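Just so you know, these numbers come straight off a predicted model, no measurement behind them.
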Amino acid sequence: VYIGNDTMLVSLTLLGMLKWQVSAGTLPIVNSGEHWGCGSNAVGDDGNVYVPVCGSYSLSVFEPLQGKLLYEVQLDGFPSPITIGHEGLLYVGTTAGTFYAIAVSAHAPAPTSSWPKHHRDRANTGEE
């Protein structure tokens with residue numbers, strides 16, 4: 001389970017125990033005092049955690065075992081919530097009006113619940 005907010009990303013085991021956490025202030029990609037996570041995170045079938053980052057106008061990718069930052073993709077504005085398609089493309093829009101389709105090493109995992117992501121499904125039919 002991954003939970004992100006303005007200042008950190010936290011990984012919990014299925015029993016609710018803390019696995020790891022990454023604070024925004026410890027990452028070189030985030031400006032001090034700026035908001036970090038925004039929108040919603042996504043997890044690919046590779047286990048990597050994809051996080052839209054408002055403070056640096058970027059997409060950050062973390063590995064699932066220790067929360068190590070793998071790489072960052074620079075965007076041209078505040079990112080929207082993200083989703084990963086079954087074809088291995090991550091989709092994100094920005095406040096600058098750009099829509100990105102970024103090839104990632106993951107595919108959307110097959111849903112195993114009735115509400116597997118923010119706004120429910122790929123068509124975003126769920127309400128907050």
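Taking a 6.0 Å sphere around CG of Leu14, one finds it holds 12 or fewer heavy atoms contributed by other residues, nucleotides or ligands.
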Residue pair Glu72, Ser58: steps toward the side chain to side chain donor-acceptor pair (under 3.5 Å) verdict: CA-CA 7 Å; Glu72 175 187 35; Ser58 65; 2.8 Å; yes
Audit row: Leu59, Val53, side-chain contact (heavy atoms from CB on, under 4.5 Å) steps and yes/no: CA-CA 6 Å; Leu59 172 73; Val53 181; over 6 Å; no
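The OG1 atom of Thr98 lies 9.0 Å from the CG atom of Leu75; values are rounded to the nearest 0.5 Å. Taken to the nearest 0.5 Å, the CD1 atom of Ile84 stands 8.0 Å off from the CG atom of Asp45. For the atom pair OH (Tyr50) and OH (Tyr71), the distance works out to 4.5 Å, reported to the nearest 0.5 Å. For the atom pair Asn48 CG and Leu90 CG, the distance stands at 11.5 Å (nearest 0.5 Å). Atom CD of Glu63 sits about 9.5 Å away from atom OG of Ser11, to the nearest 0.5 Å.
In this structure the side chain of Pro79 reaches within 4.5 angstrom of the side chain of Cys54, judged on heavy atoms. Between Ile102 and Val92 there is a side-chain heavy-atom pair separated by less than 4.5 Å. Residues Val22 and Phe62 have side chains in contact (heavy-atom distance under 4.5 Å, counting atoms from C-beta outward). The shortest distance between side-chain heavy atoms of Val61 and Val104 does not fall below 4.5 Å. In this structure, Pro52 and Asn41 have side chains that are in contact, with non-hydrogen atoms separated by less than 4.5 Å.
The heavy-atom pair separating Tyr57 from Gln74 by the smallest distance is O-NE2, 3.0 Å. Across all non-hydrogen atoms, the minimal contact from Gly47 to Tyr2 is O-OH, 4.0 Å.
Side chain of Trp20 to backbone of Leu9: no donor-acceptor contact under 3.5 angstrom is found.
One hydrophobic cluster, built from ILVMFWY side chains closer than 4.5 Å, cannot hold both Val1 and Met17; they sit in different ones. Linking ILVMFWY residues whenever their side-chain heavy atoms come closer than 4.5 Å, directly or via other members, places Leu89 and Phe99 in the same cluster.
By the side chain to side chain donor-acceptor pair (under 3.5 Å) test, Tyr91 pairs with Glu87, sequence neighbours left out. Residues passing the side chain to side chain donor-acceptor pair (under 3.5 Å) test with Thr94 are Asp76, sequence neighbours excluded.
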